[in-house]
Amino acid sequence: MPGAVRRARESDFYRRRFGGEDPKAALDALCGLGVTTKADLRASHPFGMLAVPRREVVAYHQSSGTSVGRATGSFHTEADWDEMLDRFGRGGAALTAEDTVLVRVPYAMVTIAHQVHAAARAAGAMVVPADARSTAMTVRRVLGLLRDLEVTVAAALPTEPLLWAACARLLGESPRSYAPALRTLVATGEPLSSARRRRIEELWGCSVTLSYGNSECGSNLAGECPEGTLHLWADRYLPEVLDPETGLTAWEGRGRLVLTTLFRQAMPLIRYDTGDTVDLRYTACPCGWALPSVRVLGRWEQGVEIAGRRVFASEVEDVVFALPGELGVLFWRAVADRGRLRVEAEADARAAADVAAELGRGLERAFGPVADAVAVPAGTLVPLDELSRTSHIAKPRYLSAAADTEDSGLAYPAPAGAGGG
């Protein structure tokens with residue numbers, strides 16, 4: 001721990017915060033130090049948090065920007081990347097040279113796609129870089145890749161396999177027919193409720209393992225053991241739980257996760273408030289790992305106040321995906337207004353009445369008589385043409401025969417082989 005504080009003090013930000021104090025003295029009063037916030041990172045942009053010479057930095061990444069405010073940055077040395085991949089390798093994916101790994105998360109500034117890609121290459125697996133933000137990589141094209149390449153492991157936001165399943169249904173086939181070789185889905189980038197996990201496993205006939213992290217702290221912060229428990233890597237991070245109402249911290253319980261990086265070189269963080277609401281416990285796990293379990297509920301700032309308590313999307317999701325699978329619900333949204341929660345779920349016309357009734361009962365059990373359930377037609381929340389289209393704008397064609405396009409000027413043809421299914 002003294003080493004973590006000493007490394008952090010090499011940055012302009014922590015040098016100012018710690019002043020002339022000896023790092024060991026600062027460590028003795030660690031819990032008395034203020035937390036480091038996203039606002040601190042933004043105010044220190046670009047190099048105020050950097051604790052090593054720039055020549056030692058091998059990569060710069062940014063958060064996804066899902067928090068309120070500008071995306072936050074993170075720097076990495078080669079050793080940081082090696083340590084990050086070591087953490088990822090502890091999780092439940094267990095990649096081998098026999099695997100074909102489809103990476104369906106953004107390759108842009110966030111770290112997770114690069115991390116999965118590097119881990120797969122290190123294991124000798126074949127990588128399929130199906131970027132989740134490429135306009136050419138449609139849902140339908142992903143289905144074709146899953147089937148044609150016999151993908152065994154896919155890494156994606158938990159929303160993705162629901163989109164794939166909906167597209168398969170539109171094409172008149174079952175999800176499993178597109179991915180008979182799929183054994184594991186690595187879910188990342190979003191909280192995952194136990195109910196949505198079960199629905200994905202039912203749809204695709206594969207196991208689901210969760211990888212939780214954020215860019216600022218070095219990506220992968222927790223992974224699942226063989227027993228399916230999500231463990232926080234407390235041998236690499238010192239975790240605290242912050243009560244947002246009182247400002248006090250504890251070593252376990254429910255609140256916002258605060259982390260101190262223990263081995264980070266390029267950008268050490270001391271008591272960083274991740275903004276994620278978690279339930280952290282040090283109860284024994286049958287796997288034998290001496291690491292705390294963590295349940296991730298969602299971003300504190302994205303929760304809503306209902307009936308005197310803060311409600312997170314993952315809690316509503318647990319109710320939605322507890323609906324019987326035969327009702328076919330894949331997509332939902334909720335809006336809080338004046339103390340009530342309105343939850344809409346897409347449903348086929350034949351199942352709409354049952355969906356509304358079942359969902360209403362589930363919401364009342366979970367939250368009391370403060371929620372309204374509404375079944376909306378398929379395509380209301382996720383447009384059907386977006387699911388089934390074979391191409392998006394990809395590359396401009398500057399010269400073409402008149403018969404090739406009805407538009408003058410730049411035209412954007414479908415990428416070759418975009419259909420894939």
His231 side chain to Leu291 main-chain N or O, any donor-acceptor pair under 3.5 Å? yes

Quick one: pull up CG in Leu143 and CD in Glu173 and give me the separation to the nearest 0.5 Å. 9.0 Å

Between His117 and Tyr107, is there a side-chain donor-acceptor contact under 3.5 Å, judged purely by atom types and distance? yes

In sequence, state the C-alpha distance, the side-chain angles, and the governing distance for Asp273 and Lys38, and then conclude on salt bridge (Lys or Arg N to Asp or Glu O under 4.0 Å). CA-CA 7 Å; Asp273 181 358; Lys38 291 181 188 294; over 6 Å; no

Would you compute the distance between atom CG of Asp348 and atom CZ of Arg169 and round it to the nearest 0.5 angstrom? 9.5 Å

Between CD of Glu160 and CG of Leu102, what distance do you get to the nearest 0.5 Å? 9.0 Å

Do the numbers put Arg54 on top of the ring of Phe47, so that NZ or CZ is under 6.0 Å from the six-membered ring centre and no more than 45° off the axis? yes

With a 4.5 Å limit on heavy-atom distance, are the side chains of Val142 and Trp164 in contact? yes

Within this structure, what is the CD-OG1 distance for the pair Glu346 and Thr380, rounded to the nearest 0.5 Å? 5.5 Å

Between Glu10 and Arg7, does at least one N-O distance fall below 4.0 Å, as a salt bridge requires? no

Determine, stepwise, if the pair Arg361 / Glu358 fulfils salt bridge (Lys or Arg N to Asp or Glu O under 4.0 Å). CA-CA 5 Å; Arg361 286 190 288 269; Glu358 290 270 358; 3.8 Å; yes

Min side-chain heavy-atom separation Trp251-Leu280 under 4.5 Å: no

Ion pair Arg90/Asp235, N-O distance below 4.0 Å: yes

Between Gly218 and Tyr237, which heavy-atom pair has the shortest distance, and what is it? O-OH, 4.0 Å

With distance as the sole test, does Arg197 use its side chain to make a donor-acceptor pair with the main-chain N or O of Val208 at under 3.5 Å? yes

List the steps and the verdict of side chain to side chain contact (heavy atoms under 4.5 Å, CB included) for Val343 and Leu341. CA-CA 6 Å; Val343 182; Leu341 193 66; 4.0 Å; yes

Whether over 12 other heavy atoms sit under 6.0 Å from Glu227 CD: yes

Could you check whether Ser193 and Ser314, counting side-chain N and O atoms only, form a donor-acceptor pair closer than 3.5 Å? no

Do Arg183 side-chain atoms and Ala93 backbone N/O form a donor-acceptor pair below 3.5 Å? yes

Might you point out which heavy atoms bring Arg147 and Ser177 nearest each other, and give the distance in Å? CD-O, 4.0 Å

Should Leu50 and Met267 be marked as a side chain to side chain contact (heavy atoms under 4.5 Å, CB included) after you check the CA-CA gap, both sets of side-chain angles, and the distance that decides it? CA-CA 5 Å; Leu50 185 61; Met267 191 173 141; 5.7 Å; no

Salt bridge flag under 4.0 Å for residues Asp279 and Arg281: yes

Flag, side chain of Ser219 to backbone of Ser215, donor-acceptor distance under 3.5 Å: no

Could you tell me if the side chain of Val316 sits less than 4.5 Å from the side chain of Asp318, heavy atoms only? no

Main chain of Thr152, side chain of Asp99: is a donor-acceptor contact present, judged purely on distance under 3.5 Å? no

Could you tell me which non-hydrogen atom of Phe312 sits nearest to which non-hydrogen atom of Leu297, and how far apart they are? CB-O, 3.5 Å

Under 4.0 Å between a side-chain nitrogen and a carboxylate oxygen: does that hold for Asp131 and Arg133? no

When you check the gap from the basic side-chain N to the acidic O, do Asp86 and Arg236 get nearer than 4.0 Å? yes

Under the criterion side chain to side chain contact (heavy atoms under 4.5 Å, CB included), I'd like the reasoning laid out for Phe331 against Leu162: C-alpha separation, chi angles, the key distance, then a yes or no. CA-CA 8 Å; Phe331 307 119; Leu162 303 180; 4.0 Å; yes

Under 4.0 Å between a Lys/Arg side-chain N and an Asp/Glu carboxylate O for Arg342 and Asp337? no

Using a strict cut-off of less than 4.0 Å between a Lys/Arg side-chain nitrogen and an Asp/Glu carboxylate oxygen, indicate whether Glu83 and Arg87 qualify as a salt bridge. yes

Contact between Trp289 and Pro226 at the side-chain level, heavy atoms closer than 4.5 Å - yes or no? yes

Strictly by modelled atom types, are Tyr14 and Thr36 linked by a side-chain donor-acceptor pair under 3.5 Å? yes

Taking all heavy atoms of Ser293 and all of Thr229, pick out the closest pair and write down the distance. CB-CG2, 3.6 Å

Give a yes-or-no answer on whether the side chains of Asp40 and Tyr272 include a donor-acceptor pair shorter than 3.5 Å. no

Report yes if some heavy atom in the side chain of Asp12 is under 4.5 Å from a heavy atom in the side chain of Ser44; otherwise report no. no

Validation row: Leu238, Leu259 side chains within 4.5 angstrom (heavy atoms): no

So do Leu359 and Val320 actually touch side chain to side chain, heavy atoms under 4.5 Å? yes

Arg16 CZ to Arg9 CZ distance, which is reported to the nearest 0.5 Å: 13.0 Å

Walk me through whether Asp385 and Leu387 qualify under side chain to side chain contact (heavy atoms under 4.5 Å, CB included). CA-CA 5 Å; Asp385 61 339; Leu387 287 173; over 6 Å; no

Candidate pair Glu56 and Thr77, rule side-chain hydrogen bond (donor to acceptor under 3.5 Å, both in side chains), full reasoning: CA-CA 6 Å; Glu56 295 182 21; Thr77 66; over 6 Å; no

Would you please say whether a donor-acceptor pair under 3.5 Å links the side chains of Asn220 and Ser211? yes

Contact summary for Leu221 and Cys217, nearest pair of heavy atoms: CD2-CB, 3.7 Å

Thr274 backbone acceptor or donor facing Glu216 side chain under 3.5 Å: no

Could you state the interatomic distance from CG (Leu203) to SG (Cys206), rounded to the nearest 0.5 Å? 9.5 Å

Give a yes or no on whether the backbone of Ala71 and the side-chain of Ser63 come within a donor-acceptor separation of less than 3.5 Å. no

Check: Gly339 main-chain N/O paired with Glu305 side-chain donor or acceptor under 3.5 Å: no

Do the side chain of Thr188 and the main chain of Leu157 share a donor and acceptor less than 3.5 angstrom apart? no

Around Arg15, counting heavy atoms of other residues, nucleotides and ligands shown, do more than 12 lie under 6.0 Å from its CZ? yes

Classify the angle between the aromatic ring planes of Tyr60 and Phe75 as parallel (below 30°), tilted (30 to 60°) or perpendicular (above 60°). tilted

May I ask you to test the Met126-Arg121 pair for a side-chain heavy-atom distance under 4.5 Å? no

For Ala371 and Leu363, work out which heavy atoms get closest and say how close. CB-CB, 3.8 Å

Answer yes if the side chains of Gln62 and Thr72 hold a donor-acceptor pair under 3.5 Å, and no otherwise. no

Backbone N or O of Leu330 within a donor-acceptor pair of the Arg199 side chain at under 3.5 Å? no

Any ion pair linking Arg256 and Glu240 (charged N to carboxylate O, less than 4.0 Å)? no

